[in-house]
Number of protein chains: 2
Amino acid sequence: MTEKDAEAPGLARLAALIADETRAACLLALLDGRAWTGGELARHAGVAASTVSEHLGKLVAGGLLAEERQGRHRYVRLADDRVAQLVEDLAAQVAPGAGAHRPRTLRASSAGSALARGRTCYDHLAGRLGIALTDALTGRGLLRQDTGFALTDAGLGWFEYAGIALRPTGRRPLARACLDWTERRPHLAGLAGAALCRHALDAGWCVRIGSGRAVKVTAAGERALSELLGTEAAELR
Amino acid sequence: MTEKDAEAPGLARLAALIADETRAACLLALLDGRAWTGGELARHAGVAASTVSEHLGKLVAGGLLAEERQGRHRYVRLADDRVAQLVEDLAAQVAPGAGAHRPRTLRASSAGSALARGRTCYDHLAGRLGIALTDALTGRGLLRQDTGFALTDAGLGWFEYAGIALRPTGRRPLARACLDWTERRPHLAGLAGAALCRHALDAGWCVRIGSGRAVKVTAAGERALSELLGTEAAELR
DNA sequence: CGCACGGTTCGGCGGGCGCCGAAGCGTCCC
DNA sequence: GGGACGCTTCGGCGCCCGCCGAACCGTGCG
């Protein structure tokens with residue numbers, strides 16, 4: 001029993017880092033996987049620069065953010081994929097509360113939203129695009145979702161055939177499920193998800209829209225994915 | 001951008017529920033998967049009954065706990081396995097900070113701890129026992145960890161052969177990785193992990209030690225697991 | 001060289017929240 | 001029916017923490 005008590009303060013301190021609305025807004029913004037400057041985050045969250053400066057100090061000290069200073073700018077980004085996963089999980093947990101009507105309105109009324117169609121979630125693809133790719137991989141027997149969440153041997157072969165290298169780094173799992181907050185369905189994250197996203201951007205299959213995390217599939221991407229996964233162009237839009 | 005701002009308050013509110021040390025202690029205690037009374041939790045956390053009563057009210061209102069009232073007792077338990085998973089994930093995230101020396105001391109100095117040997121984590125087996133079973137399953141090709149975390153077809157057959165029914169309920173994944181906080185390694189959670197744990201207790205493979213979440217393998221359990229998974233008795237202790 | 005600008009530090013204000021003890025309510029048991 | 005017990009409500013206390021504006025520091029640019 002006593003060892004649990006030893007954990008409680010740490011758990012509370014970690015949660016407290018996320019428990020502030022301004023810090024939460026920063027973390028969600030940083031889910032796009034990029035580095036933001038303090039000023040950008042301040043404007044985004046609608047608070048004074050001095051306020052955000054203190055918040056970033058706490059988040060960095062708490063290990064949630066990594067910082068990089070360039071000239072007079074302070075760039076921060078999520079410390080690693082574990083933190084990104086954690087924030088996504090927490091965000092997914094809070095959404096079901098409004099989940100009964102949220103997906104409807106998001107998909108229907110604002111179906112024109114570029115974010116709902118496709119976006120990056122930290123370092124992998126999400127939104128309808130992410131779901132479509134995950135479904136295509138599953139449908140062709142490259143990804144198993146029925147007994148967990150893992151690539152099959154055929155799936156490993158597919159990545160190799162597609163020219164997407166999967167070099168294991170550290171202990172990050174190859175495949176991992178990430179729950180989408182608009183579609184309410186799991187999509188491919190982990191090392192393979194990140195590699196696929198990176199390749200999609202590098203090879204010109206997708207391009208970023210504006211400065212946010214929204215992405216859209218290009219004509220070349222439609223052709224390549226149709227050939228590699230048999231997807232219909234309409235599914236990707 | 002605006003839809004992220006809409007999420008920030010919810011995220012902060014959820015995190016705030018965990019951000020209090022007393023509430024964190026309650027959540028960690030409830031990770032044993034059982035229902036506790038308010039008084040028990042108050043004594044465990046070392047605060048007045050009135051204080052814990054208010055905390056439980058918030059946790060229930062926030063959807064993290066489910067309550068059941070019986071006579072003059074108020075029983076609470078974690079609302080569902082998603083909440084349990086969330087708390088485990090957060091606890092696992094905080095541990096690495098002290099992870100450099102923690103595991104050593106836990107395994108070495110207090111290697112006699114029954115909790116480190118075997119315990120239940122919400123509704124599945126953890127500790128060295130959980131790791132040993134997960135390793136055995138993986139070693140025999142019943143569980144894949146190299147490309148994600150999923151049972152193989154042979155694994156499905158094994159559960160059937162062992163007489164452990166895996167009836168899918170809701171959307172809970174069949175296999176899921178749960179990071180152990182003493183061993184720092186993933187072990188089997190999800191539907192299959194829960195079914196295995198339940199069967200192990202029902203069939204007398206394991207028995208609970210005292211009233212906590214510590215468990216130990218019986219002689220009958222050693223025989224059964226040796227036959228079914230080829231484990232050595234020493235690995236399970 | 002000097003101004004503009006991003007970031008940080010500091011003091012002070014205000015609100016929120018966890019804590020307790022006392023009092024009250026309902027349940028169970030003798 | 002009376003008393004013990006578990007839980008809840010309420011008032012009040014104290015602390016912590018997020019916020020701002022002002023002053024300050026350093027970088028980069030004209």
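Letters A, B, ... mirror the listed sequences (proteins, then strands); counts begin at 1. Side chains included, hydrogens not; waters and symmetry mates left out as well; all remaining heavy atoms used.
A:R69 has a side-chain polar atom (N or O) that falls below the 4.0 Å cut-off from OP1 or OP2 of C:dT8. At the phosphate of C:dG26, neither OP1 nor OP2 sits under 4.0 Å from any side-chain N or O atom of B:H73. Remark: A:K58 is not in phosphate contact with D:dC17, judged by side-chain N or O atoms under 4.0 Å from OP1 or OP2. Applying the 4.0 Å criterion to OP1 and OP2 of D:dC19, one finds that A:T51 has every side-chain N and O outside that range. Within the structure, every side-chain polar atom (N or O) of B:R72 is placed at least 4.0 Å from both OP1 and OP2 of C:dC29. Put simply, B:T22 has a side-chain N or O that comes within less than 4.0 Å of OP1 or OP2 on C:dC19.
With rounding to whole Å, B:L56 atom CG is found 15 Å from D:dG6 atom P. Residue A:Y75 contributes atom OH, which lies 13 Å from atom C1' of D:dT27 at whole-angstrom precision. Here the C1' atom of nucleotide D:dC5 and the CZ atom of B:R43 are 11 Å apart, to the nearest Å. B:E68 has its CD atom 17 Å from the P atom of C:dT27, to the nearest Å. Between A:L59 atom CG and D:dC17 atom P there is a gap of 14 Å when expressed in whole angstrom units. Whole-Å rounding puts the B:Q70 CD to D:dC7 C1' distance at 15 Å. Atom CD in B:E54 sits about 12 Å away from atom C1' in D:dG12, given to the nearest Å. Whole-Å rounding puts the A:I18 CD1 to D:dG18 C1' distance at 17 Å.
Using a 4.0 Å heavy-atom criterion, one finds that B:V52 contacts no nucleic acid atom at all. B:R23 comes within contact range of the sugar-phosphate backbone alone, with a heavy-atom separation under 4.0 Å but no base atom that close.
Residue B:L196 is tested with B:I164, B:T134, B:L166 for a side-chain contact (heavy atoms from CB on, under 4.5 Å); the sole match is B:I164.
In this structure, A:R77 does not pair ionically with A:E67, as no charged nitrogen and carboxylate oxygen lie closer than 4.0 Å. Here B:R172 pairs with B:D81 in a salt bridge; the nearest charged N to carboxylate O distance falls below 4.0 Å.
Below the 3.5 angstrom threshold, one finds a donor paired with an acceptor across the side chain of A:S50 and the base of D:dG21. You won't find any donor-acceptor pair under 3.5 Å spanning the side chain of B:R74 and the base of D:dC7, going by distance alone.
Checked by atom type, the side-chain pair A:D89/A:Q93 shows no donor-acceptor distance below 3.5 Å.
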Subject >> A:R34/A:T120 under side chain to side chain donor-acceptor pair (under 3.5 Å): CA gap, chis, key distance, verdict >> reply: CA-CA 10 Å; A:R34 306 184 173 182; A:T120 53; over 6 Å; no
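If A:G71 and A:V47 are placed on DNA chain D by their nearest nucleotide, the residue sitting closer to the 5' end is A:V47.
Minimum atom distance to the side chain of A:H55 is reached by D:dG18, of the listed D:dG18, C:dT8, C:dC19. The side chain of B:S53 sits closest to D:dT8 out of C:dG7, D:dT8, C:dG11.
Rounding to the nearest 0.5 angstrom, the gap separating the CZ atom in B:R198 from the NE2 atom in B:H124 is 15.5 Å.
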